[in-house]
Structure formats: structure tokens, C-alpha cells
Amino acid sequence: MDMVGFIGLGVMGRPMALNLVRAGVPLIVWNRTASRCDPVVAAGARRADGPGEVFERSEVVLLMPADETAIDAILGRGSAEFASRVRGRTVVQMGTIDASYSLDLAAEIAAAGGDYVEAPVSGSRGPAETGELVGMLAGADRAVERVRPLLAPMCAEVFVCGAVPSALVMKFAVNLFLITMVTGLAEAFHFAEESGLDATLLERILDAGPMASAVSRVKARKLVRSDFEVQAAIADVLKNNQLIADAARGRGVAAPLLDACHALFAETLDLGHAGADMAAVIHALRARTGTRPRDSRRSLSG
């Protein structure tokens, strides 16, 4: 198998890259913070000196960037390096970014003689570590089929969505459900907290009923234990919320639940929880109620 490039080894990117290496994919990696490459290199990947070397040695390059600015820097967009980096390459953009930006980038890469594939994934750090993400693909058929086997070590299932930017727009729909669901779950636990109910009992009842899911189980456990170790960070959720809201406004689509969530996640960020898991949105609900959790209330104190 030819060398594959992977750039962006953050909370999601690092376990995804590790799964590729463990599956026997010859990988060359780079990250702006070099130490993030160490576990992947220790597992068998090659460390690149910079993005240029990744593109030089790879025909397919997977990007898991922080944002559009990072993508532009990685690709050398707007400079003479851009065309030479992407020509003859398949650029696979796996982050959650603005759909119109992705569409413009696809056109520029095609004009330079490269292929572009959207491949956003649904899932947080846990599914990334276990290779159980859900992948969405968009792009030209030939390029999509070239990329699809690479997603197998990272994803439990992969769905082809059509032309760019349909994979990102689909990811927005998925994230809209996720954001509103977790916010509703946090509100239910806050209501229980303020009503003097046993949070552990609420968790058990929800888990036994038809509304239970892998997400509700993980987030309910976090809320009961006040464990806000990051799976999907407040700052990232707020960014995704804004992307979805922008897409909805651009299409004239009402999204009132999303708007309410946006306000709550922004308040959670302002309270100093940017790096906490999205379940920490309960802090904004507590602040609005104007109380702090009392020690006498079971499981939700802290």
C-alpha cells in the first residue's frame, strides 16, 4: 500500500491515526504541536518535517484540522505552493468546517489537478479510540471509492452522501440532533437536581426506557458523576452550533432549538468551561437558575 498522509492529531485525529497504523496503513503524520505525533510515531508512523513532506510522500492526505485557517496553512492556499501540493493528490477533509468554504476548496483543488473528498465523521473521542465512528463521504465517485477503504479502520459504518458539500451538510443535521439531545438531557438532570430527586435513579430509568442510546448513557453517567472530562468540548460544540446555524439561515430554515442551545453553550464557555465535555452545559442551566448544587443533593454536586 502507498504511503498515506495524516495531518491534525488533536482529540479526534490522534486516535483515528493510531487506528490506521494498527490496521497496517503506512502513515506519515504531521501536527503543528509536534509532541502530539509521538504516540502515532511510536506505533509505527513516520514523522514529517512539515506539511510539504506529507504531500510529497503521499498520494492521499487526510486532514483533521482545527478550522479553515489551519487548512489554508496546511495546503499553502493562496501561495505558489498550493498547486504543487495538491496536484495529483487526493485531499480528504475530515473536520467539521463551513460548507461553502468546502465547496470553494473543492473547486480550487480540482482546478489545480487534484481530487477533493469530504469525509466528516460522527462520534466523539470514545468512538474514535475504538474505531466506531460513522463516516460520511462526498466527492467525485472515483475519488470517493479510492478513499473509502481508508475509513474502515476508523469507522463502524461509512455512507456516501453525493457531491460536495453534501457530507458536511449531512454532518450538520447529525450534529443538530446531538447538540439538542445532550442539552435536553442536561436540562432534565438539572430539573431533577433542583427538585431534590435522586440523579442515579433518573439515570437508571432513562437507561431502561426507549429513549436510551449510546450517547445518552455516556452523557448521563457524566452528569451523575460530575465528570466533564472531554469527549466533545464545549468550545468545539459551540463552533459546530454556529456552523449549523449559519447553514440554516443561508437556506431559510428555522432552527429555534439550535438557537437556544447556542446561547447556553456560549454561556458555558463564558463561565470558563471551554475545554470541558459538552455535558458541562448544565453549568449554564445552574447559572440561569441562580443556584449552586447543594452538597445534600445526590450525585450532581460539584
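These figures come from a predicted structure and were not determined experimentally.
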State plainly whether the residues [X] and [Y] are in salt-bridge range, i.e. N to O under 4.0 Å.
X: Lys219; Y: Asp277; result: yes
X: Glu203; Y: Lys222; result: no
X: Arg217; Y: Asp207; result: yes
X: Arg249; Y: Asp246; result: yes
X: Lys171; Y: Glu118; result: no
X: Glu267; Y: Arg288; result: yes

ILVMFWY network linking [X] to [Y], side-chain heavy atoms under 4.5 angstrom:
X: Val21; Y: Met12; answer: yes
X: Phe172; Y: Phe177; answer: yes
X: Val117; Y: Met170; answer: no
X: Val4; Y: Leu137; answer: yes
X: Leu202; Y: Val182; answer: no

Keeping [X] on the side-chain end and [Y] on the backbone end, is there a donor-acceptor pair under 3.5 Å?
X: Arg251; Y: Ala247; result: yes
X: Glu81; Y: Leu75; result: no
X: Ser216; Y: Ala212; result: no
X: Ser58; Y: Phe55; result: no
X: Asp227; Y: Arg221; result: no
X: Thr130; Y: Gly126; result: yes
X: Ser166; Y: Cys161; result: yes

Does the side-chain contact (heavy atoms from CB on, under 4.5 Å) test come out yes or no for Ile244 and Asn175, once each step is laid out? CA-CA 8 Å; Ile244 304 164; Asn175 277 5; 3.6 Å; yes
Crowding at CD, Glu187 (>12 non-hydrogen neighbours, <6.0 Å): no
As an exercise, state the distance from [atom1] of [X] to [atom2] of [Y], rounded to the nearest 0.5 Å.
X: Cys155; Y: Arg148; atom1: SG; atom2: CZ; answer: 10.5 Å
X: Glu59; Y: Asp115; atom1: CD; atom2: CG; answer: 11.0 Å
X: Leu176; Y: Asn241; atom1: CG; atom2: CG; answer: 8.0 Å
X: Leu257; Y: Met181; atom1: CG; atom2: CE; answer: 13.5 Å
X: Cys37; Y: Arg47; atom1: SG; atom2: CZ; answer: 5.5 Å
X: Phe265; Y: Asp236; atom1: CZ; atom2: CG; answer: 11.5 Å

Check [X] against [Y] and note the closest heavy-atom contact, atom names and distance.
X: Ile74; Y: Pro51; answer: O-CB, 3.6 Å
X: Ala43; Y: Leu18; answer: CB-CD2, 3.7 Å
X: His190; Y: Leu285; answer: NE2-O, 3.3 Å
X: Gly275; Y: Val230; answer: O-CB, 3.5 Å

Once ring pair (Phe, Tyr, Trp, His ring centres under 6.0 Å) is applied, do any residues pair with Phe228, and if so which ones, sequence neighbours excluded? His283
Fellow cluster residues of Val134, listed by chain then number, with links counted only when side-chain atoms sit under 4.5 Å apart: Phe159
For Val11, what are the other residues in its hydrophobic cluster, where any two members join if their side-chain heavy atoms are less than 4.5 angstrom apart? none
Can you check salt bridge (Lys or Arg N to Asp or Glu O under 4.0 Å) on Asp67 and Lys239, steps first, answer last? CA-CA 10 Å; Asp67 51 33; Lys239 170 199 157 189; over 6 Å; no
Does the side chain of Val121 reach to within under 4.5 Å of the side chain of Met136, using non-hydrogen atoms? no
For residues Ile7 and Asn31, determine if any side-chain heavy atom of one lies less than 4.5 Å from a side-chain heavy atom of the other. no
Which is it for Glu229 and Arg125 under the salt bridge (Lys or Arg N to Asp or Glu O under 4.0 Å) test, yes or no, and what are the steps along the way? CA-CA 11 Å; Glu229 182 181 0; Arg125 188 182 67 183; 3.1 Å; yes
Does the side-chain hydrogen bond (donor to acceptor under 3.5 Å, both in side chains) test come out yes or no for Tyr101 and Asp72, once each step is laid out? CA-CA 11 Å; Tyr101 170 94; Asp72 288 347; 2.6 Å; yes
Strictly by modelled atom types, are Thr90 and Tyr116 linked by a side-chain donor-acceptor pair under 3.5 Å? no
